[in-house]
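Each remark here refers to the structure printed beneath this line.
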Amino acid sequence: TGLRTRLAEQLRAGPKYKRGWFVGKTMREALLEHCWADGIVVGVDDKQMNKSLTLASSSDGGPGIMSSPDRVIQADDYVIFIAPSSTPAKGKNVKKSVTKFSAEASVKLESAPLEDVKDDGEDKADAARHVLICGWRPEWDESPELYVARCLEARKSGLPPGSSI
């Protein structure tokens with residue numbers, strides 16, 4: 001399983017597993033209705049930005065991971081997704097499951113007590129951080145100790161107490 005991108009016009013998705021299904025859909029529709037059994041949409045990247053995945057700004061509807069739910073996907077956009085292959089498998093009854101889960105989540109959110117969140121003005125630089133290292137370098141196949149060294153290097157980079165890699 002990996003983080004992948006494919007042109008929206010080439011990717012199969014939706015209830016009928018149609019090629020190009022994402023084109024013209026909003027990110028909200030893409031997230032809730034893609035109907036894959038083994039993949040999940042995480043964003044959209046435009047043609048000019050396809051060399052660097054970035055965290056999207058929700059206010060401008062721009063490209064990136066966690067794109068604005070109202071952003072409309074264009075034919076030349078790249079859909080960003082997590083799946084075991086570049087062509088996620090069609091699922092059975094996925095839309096029904098997502099609809100049911102969404103309804104259950106809404107009920108739980110409405111009944112959950114909200115805690116007051118206050119900004120105490122303190123710098124959060126000492127807060128624990130949890131780092132996920134993604135990817136693999138070919139040299140790590142022959143020398144796994146280089147991977148371990150890289151993880152230890154990241155650990156020594158000054159992470160606050162309680163952090164994890």
Side-chain angles (χ1 to χ4, degrees), residues 1-106 108-109 129-155 157 159 163-165:
T1 300
L3 185 64
R4 304 173 186 282
T5 63
R6 289 222 22 221
L7 274 172
E9 66 183 357
Q10 295 178 353
L11 197 53
R12 292 185 178 276
K16 295 184 179 177
Y17 201 58
K18 182 181 169 191
R19 185 175 187 229
W21 178 86
F22 286 106
V23 178
K25 302 285 189 284
T26 63
M27 276 302 301
R28 180 178 289 105
E29 292 168 318
L31 288 166
L32 296 176
E33 302 173 18
H34 60 74
C35 296
W36 290 335
D38 62 352
I40 184 73
V41 175
V42 295
V44 65
D45 207 5
D46 66 24
K47 205 168 193 175
Q48 290 76 39
M49 302 271 301
N50 66 6
K51 292 193 171 129
S52 62
L53 299 178
T54 58
L55 193 60
S57 167
S58 59
S59 61
D60 67 6
I65 294 175
M66 297 180 354
S67 305
S68 166
D70 298 319
R71 186 185 194 286
V72 176
I73 300 171
Q74 306 300 314
D76 62 349
D77 281 340
Y78 286 79
V79 176
I80 306 167
F81 59 99
I82 298 172
S85 75
S86 61
T87 306
K90 181 180 189 238
K92 294 180 182 178
N93 300 320
V94 176
K95 188 171 181 179
K96 183 178 177 183
S97 297
V98 168
T99 302
K100 181 182 176 193
F101 172 79
S102 182
E104 290 172 0
S106 293
K108 288 182 181 186
L109 282 173
R129 292 187 175 83
H130 304 286
V131 179
L132 173 63
I133 298 177
C134 298
W136 191 260
R137 294 182 176 178
E139 58 266 26
W140 294 342
D141 286 332
E142 294 180 22
S143 304
E145 66 275 5
L146 293 175
Y147 172 74
V148 173
R150 178 68 181 114
C151 291
L152 291 173
E153 180 184 319
R155 180 72 180 159
S157 68
L159 290 172
S163 295
S164 64
I165 295 180

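Hydrogens, waters and symmetry mates play no part in the numbers below; they use all other heavy atoms, side chains included.
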Checklist entry - What are the two closest heavy atoms between His34 and Phe22, and how far apart are they? => result CB-CZ, 4.0 Å
Item to check | Atom of Gly14, atom of Cys35 and distance for their closest heavy-atom approach | outcome: O-CB, 3.6 Å
Next on the checklist: Please evaluate residues Thr5 and Asp45 with respect to the criterion side-chain contact (heavy atoms from CB on, under 4.5 Å), reporting the C-alpha separation (whole Å), side-chain torsions for both, the decisive distance (0.1 Å), and the verdict.
Outcome noted: CA-CA 8 Å; Thr5 63; Asp45 207 5; 5.5 Å; no
Checklist entry - For Val72, does its backbone N or O pair with a side-chain atom of Gln74 as donor and acceptor, under 3.5 Å? => result yes
Checklist entry - Cut-off 3.5 Å, side chains only: do Arg6 and Thr87 have a donor facing an acceptor? => result yes
Checklist entry - Going through the checks in order, is the side-chain contact (heavy atoms from CB on, under 4.5 Å) test met by Ile82 and Val42? => result CA-CA 7 Å; Ile82 298 172; Val42 295; 3.9 Å; yes
Next on the checklist: Tell me if a side-chain donor or acceptor on Ser68 pairs with a main-chain N or O of Asp70 at a distance below 3.5 Å.
Outcome noted: yes
Checklist entry - Within a radius of less than 6.0 Å around CD of Glu142, do more than 12 heavy atoms belonging to other residues, nucleotides or ligands occur? => result no
Checklist entry - Taking all non-hydrogen atoms of both residues, which atom of Pro69 and which atom of Thr26 are closest, and how far apart? => result O-CB, 3.4 Å
Item to check | Main-chain N/O of Ala89 paired with Asp38 side-chain donor or acceptor, under 3.5 Å | outcome: yes
Checklist entry - Do the two ring centres, one from Trp36 and one from Phe81, sit under 6.0 Å apart? => result yes
Checklist entry - Taking all atoms of both residues into account, what is the closest heavy-atom pair of Glu9 and Arg19, and its distance? => result O-CG, 3.6 Å
Checklist entry - With distance as the sole test, does Arg71 use its side chain to make a donor-acceptor pair with the main-chain N or O of Met27 at under 3.5 Å? => result no
Item to check | Worked check of side-chain contact (heavy atoms from CB on, under 4.5 Å) between Ile73 and Glu29 | outcome: CA-CA 10 Å; Ile73 300 171; Glu29 292 168 318; over 6 Å; no
